[in-house]
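Whatever order the structure lists them in is the order used to number ligands and atoms, beginning at 1. Because the structure is a prediction, the values reported are computed rather than measured.
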Amino acid sequence: MVNRREWYYQGRQGGWWQYDERTMQELERAFSQKLPTLQLTISGRCYTVDFSQMVQYRVDNGHIVYRRIKHGSNVGIKGVAGISIA
Ligand code: V3L
């Protein structure tokens with residue numbers, strides 16, 4: 001698709017990973033509906049995406065674990081959903 005904006009989450013070692021296709025569809029739908037947040041299940045864990053802060057996070061033993069997210073095109077990626085392209 002031309003000029004499609006993809007969704008990415010940040011690696012702990014820097015760089016960006018693209019979300020898997022199904023999750024990107026969920027993100028795109030929620031974002032276009034201007035929902036403030038979206039709940040996701042990734043590898044059996046419950047995450048919240050906050051579109052105003054552009055982060056995803058989960059709660060782990062009472063601590064919140066954040067990652068930055070990005071919505072764009074032509075971002076150099078490490079891979080898709082943890083599958084490296086290198
Ligand atoms: N989609 C797929 N896996 C995810 C996602 C997501 N949206 N969010 C977190 N994970 P945390 P480097 C990432 C995985 O934030 O070397 C990458 O995909 C996350 O995977 O504490 O730091 C790589 O596989 C991590 O394994 O909830 O760039 C891996 O990190 C786990 O969930 C290493 O990437 C816990 O993340």
Side-chain angles (χ1 to χ4, degrees):
M1 196 184 293
V2 178
N3 288 334
R4 178 176 132 151
R5 293 178 75 196
E6 317 277 2
W7 289 88
Y8 310 92
Y9 59 96
Q10 196 166 39
R12 295 269 178 245
Q13 319 300 325
W16 296 93
W17 294 91
Q18 191 171 304
Y19 281 84
D20 69 87
E21 184 62 35
R22 188 190 57 80
T23 304
M24 283 208 291
Q25 288 174 13
E26 284 188 60
L27 286 161
E28 200 57 47
R29 190 176 313 118
F31 182 74
S32 64
Q33 291 174 353
K34 300 194 176 0
L35 299 182
T37 61
L38 173 68
Q39 306 295 321
L40 292 175
T41 302
I42 298 166
S43 303
R45 290 195 181 116
C46 184
Y47 287 83
T48 301
V49 170
D50 181 330
F51 292 109
S52 64
Q53 303 295 316
M54 289 301 272
V55 292
Q56 67 165 48
Y57 61 88
R58 68 181 168 89
V59 177
D60 183 7
N61 279 331
H63 297 278
I64 300 182
V65 182
Y66 289 95
R67 265 173 208 278
R68 290 176 61 203
I69 68 169
K70 192 198 279 263
H71 189 209
S73 52
N74 300 319
V75 173
I77 57 169
K78 300 172 89 169
V80 178
I83 311 291
S84 293
I85 54 174

> Roughly how far, to the nearest 0.5 Å, is CD of E28 from CD of Q33?
Replying inline: 11.0 Å
> Do C46 and Q39 come close enough that some side-chain heavy atom pair is under 4.5 Å?
Replying inline: yes
>> Count I, L, V, M, F, W, Y as connected when their side-chain heavy atoms are under 4.5 Å apart, and connections chain through other members. Are M24 and V80 then in the same cluster?
In response: no
> Does one hydrophobic cluster hold both V49 and M54, with members joined at side-chain heavy-atom distances below 4.5 Å?
Replying inline: yes
>> Counting C-beta onward and ignoring hydrogens, is there a side-chain heavy-atom pair between T23 and L40 closer than 4.5 Å?
In response: yes
> Hey, any chance I42 and I69 share a hydrophobic cluster, counting ILVMFWY side chains that come within less than 4.5 Å of each other, even indirectly?
Replying inline: yes
>> Before we go on, tell me: are the rings of Y19 and Y9 under 6.0 Å apart, centre to centre?
In response: yes
>> Show the atoms of ligand 1 that are less than 4.0 angstrom away from any heavy atom in Y19.
In response: 7 (N)
> Is the closest heavy-atom distance from Y66 to ligand 1 below 4.0 Å?
Replying inline: no
>> Using a 4.0 Å heavy-atom cut-off, which part of R12 comes near ligand 1: side chain, backbone, both, or neither?
In response: both
> Which protein heavy atom lies closest to atom 34 (O) of ligand 1, and at what distance to 0.1 Å?
Replying inline: W17 NE1, 3.3 Å
>> Give me the nearest non-hydrogen protein atom to atom 3 (N) of ligand 1 as residue plus atom name, then the distance to 0.1 Å.
In response: Y9 OH, 3.5 Å
> Near V65, which atoms of ligand 1 are under 4.0 Å from a heavy atom of that residue?
Replying inline: 21 (O)
>> Regarding atom 27 (O) of ligand 1: of the candidates R58, R45, K78, which has the closest heavy atom?
In response: R58
> Under the 4.0 Å line, does any protein heavy atom show up next to atom 18 (O) of ligand 1?
Replying inline: yes
> Angle class for the W7/H71 ring planes (parallel below 30°, perpendicular above 60°, tilted otherwise)?
Replying inline: parallel
> Among protein heavy atoms, which sits nearest to atom 36 (O) of ligand 1, and what does the distance come to when rounded to 0.1 Å?
Replying inline: R67 NH2, 3.1 Å
>> Counting non-hydrogen protein atoms only, what is the nearest one to atom 10 (N) of ligand 1? Give residue, atom name and distance.
In response: Y47 OH, 4.1 Å
> Nearest to atom 24 (O) of ligand 1, what protein heavy atom do you find, and at what distance?
Replying inline: G82 CA, 3.4 Å
> Can you find a protein heavy atom closer to atom 29 (C) of ligand 1 than 4.0 Å?
Replying inline: no
> Can you find a pair of side-chain heavy atoms, one from I77 and one from Y8, that are under 4.5 Å apart?
Replying inline: yes
> atom 8 (N) of ligand 1: which protein heavy atom is closest, and how many Å away?
Replying inline: Q56 NE2, 2.8 Å
> To which protein heavy atom is atom 16 (O) of ligand 1 closest, and what is the distance rounded to 0.1 Å?
Replying inline: Q13 CG, 3.4 Å
